[in-house]
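Below: one structure, written as structure tokens.
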Amino acid sequence: MKRVALIGCGGIGNYHLGHLLQFDDVKVAGACDLIAERAEGVAAKTGGQAFTDFRRMYDTVKPDMVFVCVPPTQHGEIELESVKRGIPMFIEKPIALDLELAQEIDEAITKAGLITAVGFQCRYSNIVEPTLQFTRDNQIVFVECARIGGVPAVEWWRVKSQSGGQLVEQTIHQLDMIRYAAGEPKSVYSMTTRGFVKGWENYDTDDLTVTAITFESGALGSVSSGCYAASGAAFDSKITFSTPDSRLDHYIIDRVNIYGAKPPEAKSGLVVQGDGTMASSSDGQVTIKDDGRAGITCDRTFVEAVISGDGSKIRSPYHDALKSLAFGLAANESMDTKKVVDVVQFA
Ligand SMILES: NC(=O)c1ccc[n+]([C@@H]2O[C@H](COP(=O)([O-])OP(=O)(O)OC[C@H]3O[C@@H](n4cnc5c(N)ncnc54)[C@H](O)[C@@H]3O)[C@@H](O)[C@H]2O)c1
């Protein structure tokens, strides 16, 4: 039985806990949160111990792995101390708001050879394989993405210096998926606007950002990220990968629609089962639905990697997530400088 520690017992910490409680080869032995009642709430569900200081938790519980589920500004000490102690980490995105700090952590992780995973759970959805096959088989000319939603009720989220803004805090899932499927971005140019969102105290972030992207492949892209929507009717979330004669719309953790391309087949090695998750309409459009297992698969993949010592099935190790952070932070820099910014590249 492996001992898991949880740091940060808020929204996403409890989401992961829901998965960990379903695994019979791990025990959540320690829970840590600056708010004692939150840590105690988790401990009550797991039979583990509650802490407000992660170092004390490490000393007492001696975990085999840790889930780091703290807000974006709280990264740094936790990761560096975990590396020192050789504790494999599952870290929530965004991994930091400061690229130099993330690089320092990345170098320490690489030197220690530590298993890590970052919470880009969308990569584990069953709709990702068809998307990867489409972008492998077709030359992508244009990537068009929109994520339009509302303002989350978490207080730190509304202050850009604490969240990184919506593009880096939320839409980084889309940036990550774009990189995963269409390759690395080279440069970005972003515009931003405010003044549309009303009624939130201490709101100090962009209502909408629009980012133009050049890719190493020569393709172009655009990402629109807005939190101005006051009603679900205004919500949108879609990434379109476009080629001269076909198109794929990827709706993260929901479905993909493929237009004009041969649908993926089971014999091509794809996990598209005959269980109703794939349907074809009369106009040649193919829809493949998400099976709802991305989140638990993401967590299970990390746990199994730690147990086996083989991290090769992890789809988003820290070093890869660093590139998604660099993408988002380049866009933020462009918003500030009003100039085209080259995305920092990592091998
Ligand atoms: N992968 C996903 O789909 C997904 C979804 C939601 C949130 N997230 C990410 O998870 C992170 C946390 O988001 P949330 O919604 O759970 O926030 P939250 O505010 O609900 O929870 C964060 C918790 O961390 C605690 N905390 C802060 N600093 C700490 C520290 N130094 N030591 C211990 N505890 C500390 C806070 O008291 C709080 O309880 C964010 O980076 C967010 O982007 C990821």
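Atoms within each ligand, like the ligands themselves, are counted from 1 in listed order. Keep in mind that the numbers below use all heavy atoms, side chains included, and drop hydrogens, waters and symmetry copies. Position 1 is the first residue of the sequence, and the numbers go up from there.
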As an exercise, identify every atom of ligand 1 less than 4.0 angstrom from a heavy atom of [X].
X	answer
Ile7	32 (N), 33 (C)
Val154	19 (O)
Cys69	12 (C), 22 (C), 24 (O)
Ile35	37 (O)
Pro94	41 (O), 43 (O)
Arg38	38 (C), 39 (O)

[X] and ligand 1 - part of the residue with a heavy-atom distance under 4.0 Å:
X	value
Pro152	neither
Trp156	side chain
Gln121	side chain

Identify which of [options] has a heavy atom lying nearest to [atom].
atom	options	value
atom 27 (C) of ligand 1	Gly41, Pro71, Cys32, Gly10	Pro71
atom 9 (C) of ligand 1	Glu155, Gln170, Lys93	Lys93
atom 30 (C) of ligand 1	Asn14, Leu34, Ile253	Leu34

To check you understand the geometry: which heavy-atom pair defines the closest contact between [X] and [Y], and what is its length?
X	Y	result
Lys27	Met1	N-SD, 3.8 Å
His19	Ile296	CE1-N, 3.5 Å
Asp33	Ile35	OD1-N, 2.8 Å
Thr211	Ala331	OG1-CB, 4.0 Å

Identify the protein heavy atom lying closest to [atom], giving its residue, its atom name and the separation to 0.1 Å.
atom	answer
atom 11 (C) of ligand 1	Val70 O, 3.4 Å
atom 20 (O) of ligand 1	Gly11 N, 3.0 Å
atom 42 (C) of ligand 1	Glu169 OE2, 3.1 Å
atom 37 (O) of ligand 1	Asp33 OD1, 2.6 Å
atom 44 (C) of ligand 1	Glu92 OE1, 3.1 Å
atom 31 (N) of ligand 1	Gln74 OE1, 3.2 Å

Short N/O distance, under 3.5 Å, between [X] and ligand 1?
X	answer
Ile78	no
His75	no
Cys9	no
Ile12	yes

Hey, are [Y] and [X] close enough side-chain-wise for a donor-acceptor pair under 3.5 Å?
X	Y	result
Thr243	Asp245	yes
Thr287	Asn257	yes
Glu92	His75	no
Thr192	Asp206	yes
Ser222	Glu144	no
Asp207	Thr193	no

Roughly how far, to the nearest 0.5 Å, is [atom2] of [Y] from [atom1] of [X]?
X	Y	atom1	atom2	answer
Lys238	Gln174	NZ	CD	12.5 Å
Arg179	Glu216	CZ	CD	10.0 Å
Met57	Cys32	CE	SG	5.0 Å

### Query
For ligand 1, is there an atom lying under 4.0 Å from some heavy atom of His173?
yes

### Task
With side-chain hydrogen bond (donor to acceptor under 3.5 Å, both in side chains) as the test, would you mind laying out the steps for Asp310 and Ser308 before giving the verdict?
CA-CA 5 Å; Asp310 172 10; Ser308 68; 5.1 Å; no

